[in-house]
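Here the structure comes first, spelled out in structure tokens, and everything after it is commentary.
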Protein chains: 2
Amino acid sequence: MLLIPKFDSANQAYYYDRLYKHIKTEILSGRIGEGTRLPSIRKLADFLSVSTTPVETAYQQLLAEGFLESRPRKGYFVQSLSHAAAVPSTRNESLDITIHPEDLPKGKSAYTYDFHISRNDFTHFPMRIWRKLLNHILLSEQNDLLYYGDAQGERGLRSELANYLHQFRGIDCSPEQIIIGSEQHWLISLVCMMLKGKISKIGAENPGYRLIPETFKVHGFEVEPIPVRREGVCAEDLYNSGVRLVSITPSHQFPRGITLSVSKRLQLLDWAKKTNGYIIEDDYDGEFCYRNKPIPALQGLDPEANVIYLGGFSQALTPDICIHYLVLPKSLLSNYQQLRSRLYFEQSSSRIYQRTLQLFIQQGHYERHIRKMRGLYQKKHDALVQSIERHMGKHAEVVGRNAGFYILLRVYSPKSEGALLQLAEEAEVGIASASFTWLTPRRECDQPGEFLIGFAGIDLERIDDGIKLLADVWGFT
Amino acid sequence: MLLIPKFDSANQAYYYDRLYKHIKTEILSGRIGEGTRLPSIRKLADFLSVSTTPVETAYQQLLAEGFLESRPRKGYFVQSLSHAAAVPSTRNESLDITIHPEDLPKGKSAYTYDFHISRNDFTHFPMRIWRKLLNHILLSEQNDLLYYGDAQGERGLRSELANYLHQFRGIDCSPEQIIIGSEQHWLISLVCMMLKGKISKIGAENPGYRLIPETFKVHGFEVEPIPVRREGVCAEDLYNSGVRLVSITPSHQFPRGITLSVSKRLQLLDWAKKTNGYIIEDDYDGEFCYRNKPIPALQGLDPEANVIYLGGFSQALTPDICIHYLVLPKSLLSNYQQLRSRLYFEQSSSRIYQRTLQLFIQQGHYERHIRKMRGLYQKKHDALVQSIERHMGKHAEVVGRNAGFYILLRVYSPKSEGALLQLAEEAEVGIASASFTWLTPRRECDQPGEFLIGFAGIDLERIDDGIKLLADVWGFT
């Protein structure tokens, strides 16, 4: 908390005085707060490359004036200002260093009943196993892993991922096609940069997950909303729109939960082939199917097609790992390499985490964790749907059923969506309006209110009470 | 080096046979050369996610047939083919999964004398302390930290960073101005997105660090190379160029090592004020000063100016942490918030790492580490400069002296830069031509060859031998 004075140290006689004045100003302005421990004389002198004399003199002066207190064997601490000698008031600084004690822990919720759509139940993260593997890596491989690694991601993890995706998602790719990165928007930005100049107009599901189209927009692409019809996105709409890329969520359309049928998938692949277009397959919850086995990814239907698969571990494991990935079609590999050699970016995910995750998958822990969470989330899903039917009856309809982490609830009420949300807020029930999933503005009166009700994060035994409360405040009971 | 076919590992009985045949084909085709050391049985088995049995069986067969040789405690090496049993030529498989046994550990170098400019000495990373703090966090705060955190970065770390930067870099900022992210290019991309529409033409030091201008280019900005004159970048050139942002490295210009004087800094700040322009201050090695105290950052000279400060921990601590940051000027804070609410990006650095780093700085470990490394790197710097003077005399000149991790060497020789580089390569001395730092192409004959000689990573006691060898092969002795 001590600002290095920006003055010449040549003349140590004056140095003490400026150092003293400087620290005093910092204390008076509050930038060095009460109770702060100053560096030891030796340490500060070392740091400033001066002898200890001027530092000691400055400290003695501050002690004498009551700015500091010396605690034996502990060091010098800033006194409460009420103890300080009266000093002429210094300039009235408006301090802009605001330190909040700590934000509310994100794991804790502000709601009594929190139906958040992505605050999944991360308390089941197998921390004991993860810690064991992590410590093993930290102890045995640090001398390698502390250096820069492969900018594309660790080869070991990419190989393991290729195997896993083949086995569990039906994906057919080589480790060369996998690009690891710490954040979705960053990976999509890479795609934007690879496609810039090749295509100019993209389509996005409407309603849908806005991160992807918005990222394309900031990269200068034109975005065309593609209607999500009863069966999902239709190839015909793509032909008509003239887009050359479409971003879709075939496992469970976000937010409507529709699983894209194989015939629709084949039509989209055919569209991509005929128009030399691209499909981004966002498989955010593909492993979380409750009524059937997970549907293999669209990518595997035609590994030669221009499908860009997007996956990650934030929702299934924990956001803390910060590992997401793209599976690129082979046709884009050289574009990726060019981009890399032009932009000099480095890998954005920790190598140690990558290596730990590799072992975690290799040893079967990931698969086991997914299985466990699927069972748990299915129970919650079913409880939620039952509660809604029980407490809301004909007043509400579950539209997006069987998606991994949430359902879409359509509410029939004379009250507006905003009014319903307000009532939920007041009752401390956390739900989200689905309006943010629309790429085009809609008039509120157009149709019944739609809400996203997440079930993965809330405790199983709280679901029924929460839905009952919601039904109460909405006047359905 | 070793290509592993994508065959199913379920049936281990056949697996050995296919693995054996595969390696044999690779050896016969010459794709695995004589003398190559194969991965250990355990390593390859781990890597392929199979038990050690099929791998061992395959290796035994190859040993028996004379393809491999086992050297005690050293491993399995490919024999010269004249020793091998005659085999019928097998089909030429086109395999698309290429598995390298292990990449060369990045900490280890392919060179006998590696003067790499960013492969610093990360073996001094205080792993014991880091592990202790990390495990403390993992055990005590997991239930919170496994959830999504603040997209801007953990407030605790940002506060700690604001203090640290104030104390050690003379920066005046609040935690609100700090944006944490896992990778430089991603943070610069954020800046590009914030400034798009406001400005269209930026300037970059020439020669300089290309990541920043290249990132602006892919975001559609026009980039004007700004000459690095004897004293660095001049405000006059900025006025003449009509740019509205300039990216600079004032502590030590990359790659010429020039420290920008206070008067030049003030002129640049004045330029920014007069033109409503921006300065990106890339402080990649600001803490690593050897002949004087670290020069406070330009940002601190005028905290109200439009300075975007860029810092991080990759070079000073280890790239593995994946924590970089921007200090934004207050004028851009609302732009950042808008961008965030539009793009929905999440934080790209691990919260657990952020929290660990916070404690690491708070408890003084970072400061101590910097001091230790500064002492160590200074010794290496001095040894390098002395060796160059001793062995190269008038044939070479150290241009960029006192930068943190490298020097720029100008070489006077009738040989071309390319020929000199080739000679260095052949002698297994790793150095880099400085040509990649030029934004504009230059003819090789224009001037003497210039090389970047990193000193931070190489062992102190190897420096003199490496430089002597270089002087020898370059014909200076």
Side-chain angles (χ1 to χ4, degrees), chain A residues 1-4 6 48-49 96-100 102-103 105-107 118-119 122-123 125 127 131 138 142-150 155-156 159 163 174-176 182-183 185-186 189 193 210-211 214-215 218 220 318-322 342-346 348-353 362, chain B residues 47 49 96-100 103 105-107 118-119 122-123 125 127 131 135 138 142-150 155-156 159 162-163 166-168 170 174-176 182-183 185-186 189 193 210-211 214-215 218 220 293 296 318-320 322 342-346 348-353:
Chain A
M1 314 225 185
L2 189 59
L3 176 66
I4 315 159
K6 272 173 252 170
L48 298 170
S49 312
D96 44 34
I97 302 200
T98 323
I99 299 188
H100 301 248
E102 282 292 355
D103 285 345
K106 303 288 168 176
S118 63
R119 200 179 288 146
F122 301 120
T123 56
F125 178 77
M127 182 53 96
R131 235 168 49 81
L138 286 172
Q142 53 158 296
N143 279 346
D144 179 19
L145 294 176
L146 292 175
Y147 286 77
Y148 286 100
D150 188 333
R155 172 163 278 279
S159 297
N163 290 342
S174 71
E176 278 67 37
S182 62
E183 210 269 330
H185 164 71
W186 146 248
S189 284
M193 292 186 274
R210 293 179 59 173
L211 179 143
E214 292 296 339
T215 300
V218 296
T318 162
D320 187 67
I321 289 176
C322 291
R342 179 176 167 199
L343 291 179
Y344 304 95
F345 51 79
E346 294 291 348
S348 53
S349 294
S350 154
R351 292 182 76 191
I352 287 172
Y353 272 15
Q362 221 161 39
Chain B
F47 196 63
S49 311
D96 47 33
I97 299 197
T98 321
I99 297 186
H100 302 252
D103 282 348
K106 302 289 169 177
S118 63
R119 200 179 287 146
F122 301 120
T123 56
F125 179 78
M127 181 55 93
R131 237 170 45 82
N135 276 291
L138 286 172
Q142 53 158 298
N143 278 345
D144 178 19
L145 293 177
L146 292 175
Y147 286 77
Y148 285 100
D150 188 333
R155 171 162 280 281
S159 297
N163 290 342
H166 183 59
Q167 189 177 350
F168 291 98
S174 72
E176 277 67 36
S182 63
E183 210 268 331
H185 164 71
W186 146 246
S189 285
M193 293 186 273
R210 292 180 59 171
L211 179 142
E214 292 297 338
T215 300
V218 297
K293 286 181 296 175
T318 162
D320 187 68
C322 291
R342 180 178 166 196
L343 291 179
Y344 305 95
F345 52 78
E346 293 291 347
S348 53
S349 295
S350 154
R351 292 183 77 193
I352 288 172
Y353 272 15

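Proteins get letters first, then strands, A, B, ... in listed order; numbering begins at 1 in each. The figures that follow rest on heavy atoms only: side chains count, while hydrogens, waters and symmetry mates do not.
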Test item: side-chain donor near acceptor, B:Ser118 and A:Tyr148, under 3.5 Å: no
Flag for A:Tyr353-A:Asp320: side-chain donor and acceptor within less than 3.5 Å: yes
Portion of B:Leu211 that has a non-hydrogen atom of chain A nearer than 4.5 angstrom: both
Those residues that, when tested against B:Arg131, pass side-chain contact (heavy atoms from CB on, under 4.5 Å) (two or more places apart): A:Asn135, A:Leu138, A:Leu139, B:Met127, B:Asn135
Contacting region of A:Leu343 [heavy-atom separation from chain B under 4.5 Å]: both
Residue among B:Leu145, B:Thr123, B:Ile352 with most heavy-atom pairs under 4.5 Å to chain A: B:Ile352
Residue among A:Ser348, A:Cys322, A:Gly156 with most heavy-atom pairs under 4.5 Å to chain B: A:Ser348
Side chain to side chain donor-acceptor pair (under 3.5 Å) involving B:Thr215 - partner list, sequence neighbours excluded: B:His185
